[in-house]
Enquirer: 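Supplied in structure tokens, the structure appears directly below.
All heavy atoms count here, side chains included; hydrogens, waters and symmetry mates do not. We number each residue from 1, following the sequence as shown. These numbers were taken from a predicted model, which means no experiment stands behind them.
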Amino acid sequence: MKFLAKIYNSPIAQYIGTRYVTYGIQFVNSILIAKYLGIYYFGIYSFLQLVKQYMLYTGMAPSYALNTVLSTRKNETDFANKLWRNSLLLSTVLIGSTFAIGVLSVQFYPQLFDKYQFSNYSFYIFLIFALNNFNHLFVNLYRTYGLLKKINFFELIIPLFQLCVLFFAKEQDLLCYLLIGTIIANLISLLFFLYKSPLEIRVSFNKDIFNELLSRGFHLLLYNVSFSLILISSRTLVSMYYSTEELGYYTFAVNLSNAVFMIVGAFGFVMYPKLLNKIYTNNHREVKSLLDQIRSIYITGCYLLTYVGFFSVIFLEYILPDYTMAMPAFKILLLTQLILNNNFGYSILLVAKKQERLMTIQALFGIFLIVAISLIFIFIGLPFTLMSIAVSAGFTFYCVSITKRALKEIDEKNDLKTVLLEIFPSYYLFPLLILASSIVFNDNILTPILSLLIFILMNKNRIADVRKKIYSLISNKESLNF
């Protein structure tokens with residue numbers, strides 16, 4: 001009973017539990033939305049989501065700056081209030097400007113993205129963009145103070161609304177219902193955030209703070225946009241050079257791979273401000289020790305999730321036979337996500353060291369690599385599935401570059417051999433190569449099982465440590481107080 005009481009009273013346990021329920025709903029949604037929209041309308045829905053992603057970043061600079069700066073100075077009450085009020089002002093200006101430009105663009109050029117019927121759904125997307133951006137500003141505020149209940153509500157209500165509308169329509173009608181449901185869910189969340197906010201809802205202008213938000217937010221925005229472009233550059237190329245249906249297949253693979261890794265994303269979300277604060281205040285030796293511990297737990301968990309994804313392929317092909325063409329890309333993207341998550345901790349270190357500009361440059365090189373390889377594949381007529389290989393190449397380059405710089409920042413060896421061993425130690429590399437071979441052999445059972453058994457044998461102590469550390473984290477009521 002004491003164990004259950006500890007879990008129940010832990011803010012992280014409550015947050016993680018809610019997020020797992022949310023992720024379960026999102027995973028079901030990703031399957032049912034693809035099924036009930038049909039391949040063509042799922043392709044249109046995928047493109048609308050792509051446009052929304054691009055739009056979101058136009059107003060995210062204040063959110064990124066608020067989260068990063070407030071994480072290290074939230075105990076300075078006067079500064080925290082001024083920072084928040086200026087963040088709210090800057091967000092309002094950016095969101096309002098982008099919304100107006102979007103509406104005017106469609107009014108003056110109704111043929112915009114006509115292949116995907118964009119003018120029919122554009123106003124829905126603009127509303128979702130505006131509401132979502134304001135909500136993310138509040139998410140970063142509440143997150144910094146460890147107040148996760150309203151964030152839980154925000155994360156849960158959108159997939160719940162989407163799940164509900166799935167039972168009332170199909171194809172084109174369902175597409176409209178999904179967009180309207182997302183708008184209503186975002187509006188309810190915003191009203192909930194406004195109620196009893198940790199900082200007063202006011203806007204004000206302070207030149208020094210406003211300039212800091214612009215400067216820090218701009219560099220963080222460049223980093224996050226460039227990083228996100230790594231994720232969506234291949235989808236953009238598929239939308240340009242392949243059919244609507246093929247965009248649907250590829251987006252389905254992307255969505256599934258993202259859904260699998262949402263579980264570790266919940267831990268990363270909670271731990272980001274905590275790690276940022278620890279790295280900001282500790283010496284290099286303590287930072288390296290902390291990162292080694294966190295990375296061991298996090299990356300081991302990522303490998304276990306990758307196996308879950310691989311073993312789900314047979315089930316997915318059974319319930320969604322129309323999307324069998326998406327499965328090879330799904331498996332490659334699972335391994336890509338695994339490579340990306342090998343970078344965990346080091347990117348946070350560089351943010352704490354104010355190295356966003358360097359990270360942006362490395363991300364842009366990664367984007368260039370993805371686009372170059374993708375265009376070669378397109379030019380020689382290869383199928384859309386191989387776009388995922390280009391993404392893997394771009395992410396591998398990015399992770400190696402970031403790890404190398406991070407090790408240099410804490411005065412550790414950072415030659416290429418050391419960096420590769422840090423990202424791909426033998427106890428991770430051997431199972432990874434065997435798992436990758438299952439894609440080549442198109443084997444969904446025997447090779448993944450062999451890889452899993454070897455992984456367990458080589459990492460049994462780390463797996464046990466994951467269980468202990470997770471229990472310690474979620475059972476500690478004060479785990480978010482730092």
Side-chain angles (χ1 to χ4, degrees), residues 15 18-19 21-23 25-26 28-30 32-33 37 44-45 48-64 66-67 84-85 87-106 118-143 145 147-169 172-203 269:
Y15 174 76
T18 306
R19 286 296 286 261
V21 172
T22 302
Y23 294 156
I25 296 172
Q26 287 179 330
V28 171
N29 284 354
S30 65
L32 294 181
I33 288 172
L37 280 177
I44 292 177
Y45 180 73
L48 295 175
Q49 296 299 103
L50 189 63
V51 172
K52 185 195 75 175
Q53 277 188 278
Y54 278 113
M55 289 189 68
L56 279 175
Y57 287 105
T58 63
M60 289 295 285
S63 294
Y64 295 137
L66 176 71
N67 183 37
W84 164 244
R85 292 168 189 171
S87 298
L88 199 54
L89 174 63
L90 183 56
S91 291
T92 302
V93 171
L94 291 173
I95 292 168
S97 301
T98 305
F99 185 91
I101 291 170
V103 172
L104 290 173
S105 297
V106 175
F118 182 68
S119 61
N120 294 340
Y121 307 103
S122 59
F123 193 70
Y124 297 130
I125 295 300
F126 298 152
L127 279 176
I128 292 170
F129 145 75
L131 293 169
N132 216 325
N133 245 317
F134 277 120
N135 281 331
H136 278 292
L137 184 69
F138 279 98
V139 164
N140 281 300
L141 174 66
Y142 280 81
R143 172 190 186 185
Y145 286 95
L147 304 172
L148 302 179
K149 289 184 179 179
K150 291 186 180 180
I151 299 176
N152 288 340
F153 179 81
F154 169 61
E155 298 286 351
L156 182 60
I157 189 172
I158 294 175
L160 268 179
F161 267 64
Q162 290 178 334
L163 181 64
C164 290
V165 302
L166 285 170
F167 299 100
F168 295 99
Q172 187 174 13
D173 290 339
L174 176 58
L175 179 56
C176 292
Y177 282 19
L178 285 168
L179 296 174
I180 293 169
T182 304
I183 291 170
I184 295 171
N186 270 286
L187 182 58
I188 293 171
S189 296
L190 181 58
L191 295 173
F192 197 38
F193 278 131
L194 290 169
Y195 179 69
K196 292 186 177 180
S197 169
L199 296 177
E200 187 181 3
I201 308 300
R202 281 178 55 191
V203 297
F269 180 89

Enquirer: Restricting to non-hydrogen atoms, name the atom on Leu137 and the atom on Ser91 that form the minimum distance, rounded to 0.1 Å.
Expert: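 Residues Leu137 and Ser91, closest heavy atoms: CD2-OG, 3.5 Å.
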Enquirer: On a heavy-atom basis, which atom in Ile157 and which in Ile188 lie closest, and how many Å separate them?
Expert: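 What the structure gives for the nearest pair is CD1-CG2, 3.7 Å.
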Enquirer: Roughly how far apart are Leu190 CG and Phe192 CZ, rounded to 0.5 Å?
Expert: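 That separation rounds to 12.0 Å.
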Enquirer: Looking at every non-hydrogen atom in both residues, tell me the closest pair between Lys196 and Lys150 and how far apart they are.
Expert: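 Closest pair (atom of Lys196, atom of Lys150, distance): O-NZ, 3.7 Å.
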Enquirer: When rounded to the nearest 0.5 angstrom, what is the spacing between OH in Tyr54 and CG in Leu56?
Expert: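 With rounding to 0.5 Å, OH (Tyr54) is 12.5 Å from CG (Leu56).
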Enquirer: Counting C-beta onward and ignoring hydrogens, is there a side-chain heavy-atom pair between Leu48 and Leu179 closer than 4.5 Å?
Expert: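 Side chain of Leu48 against side chain of Leu179, heavy atoms only: contact under 4.5 Å found.
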Enquirer: Could you go step by step and tell me if Thr182 and Leu131 meet the side-chain contact (heavy atoms from CB on, under 4.5 Å) rule?
Expert: CA-CA 10 Å; Thr182 304; Leu131 293 169; over 6 Å; no
Enquirer: Does CZ in Phe123 sit with more than 12 non-hydrogen atoms of other residues, nucleotides or ligands closer than 6.0 Å?
Expert: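 Not buried by this count: 12 neighbours or fewer within 6.0 Å.
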Enquirer: At what distance, to the nearest 0.5 angstrom, does CG of Leu187 lie from CZ of Phe134?
Expert: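 One gets 12.0 Å once the value is rounded to the nearest 0.5 Å.
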Enquirer: Is any side-chain heavy atom of Phe99 closer than 4.5 Å to one of Leu127?
Expert: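 Sidechains of Phe99 and Leu127: in contact.
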Enquirer: How many angstroms lie between atom SG of Cys164 and atom CG of Asn29, to the nearest 0.5 angstrom?
Expert: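 So the SG of Cys164 and the CG of Asn29 are separated by 9.5 Å.
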Enquirer: Looking only at heavy atoms, which two atoms of Asn133 and Met55 are closest? And how far apart?
Expert: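 Shortest heavy-atom separation between Asn133 and Met55 comes out as ND2-O, 4.3 Å.
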Enquirer: Minimum heavy-atom separation for Ser189 to Asn135, with atom names?
Expert: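 Shortest heavy-atom separation between Ser189 and Asn135 comes out as C-OD1, 3.8 Å.
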Enquirer: Using modelled atom types only, decide if a donor and an acceptor are shared between the side chain of Asn186 and the backbone of Ile128 within a distance under 3.5 Å.
Expert: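 No, the answer is negative, given that no donor and acceptor are paired below the 3.5 Å cut-off.
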Enquirer: Could you check whether atom OH of Tyr177 has more than 12 heavy atoms from other residues, nucleotides or ligands sitting under 6.0 Å from it?
Expert: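 Count not over threshold, so no.
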Enquirer: Are the ring centres of Phe193 and Tyr142 closer than 6.0 Å?
Expert: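 Yes: the rings meet the under 6.0 Å criterion.
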Enquirer: Please report the shortest heavy-atom distance between Gly181 and Phe161, naming the atom on each side.
Expert: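 Closest heavy-atom pair between Gly181 and Phe161: O-CD2, 3.6 Å.
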Enquirer: Could you walk me through whether Leu178 and Leu37 pass the side-chain contact (heavy atoms from CB on, under 4.5 Å) test, one step at a time?
Expert: CA-CA 10 Å; Leu178 285 168; Leu37 280 177; 4.2 Å; yes
Enquirer: Can His136 and Asn132 be counted as having a side-chain donor-acceptor contact under 3.5 angstrom?
Expert: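 There is such a pair (donor and acceptor under 3.5 Å, judged by atom type) between the side chains of His136 and Asn132.
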Enquirer: Tell me, with the steps shown, if Thr98 and Phe126 meet side-chain contact (heavy atoms from CB on, under 4.5 Å).
Expert: CA-CA 9 Å; Thr98 305; Phe126 298 152; over 6 Å; no
Enquirer: Mind checking what makes ring pair (Phe, Tyr, Trp, His ring centres under 6.0 Å) contact with Tyr124, not counting sequence neighbours?
Expert: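 Checked Tyr124 against ring pair (Phe, Tyr, Trp, His ring centres under 6.0 Å); zero matches.
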Enquirer: I'd like to check Tyr121 versus Ile44 (side-chain heavy atoms, cut-off strictly below 4.5 Å). Are they in contact?
Expert: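 Result yes, sub-4.5 Å side-chain heavy-atom pair found.
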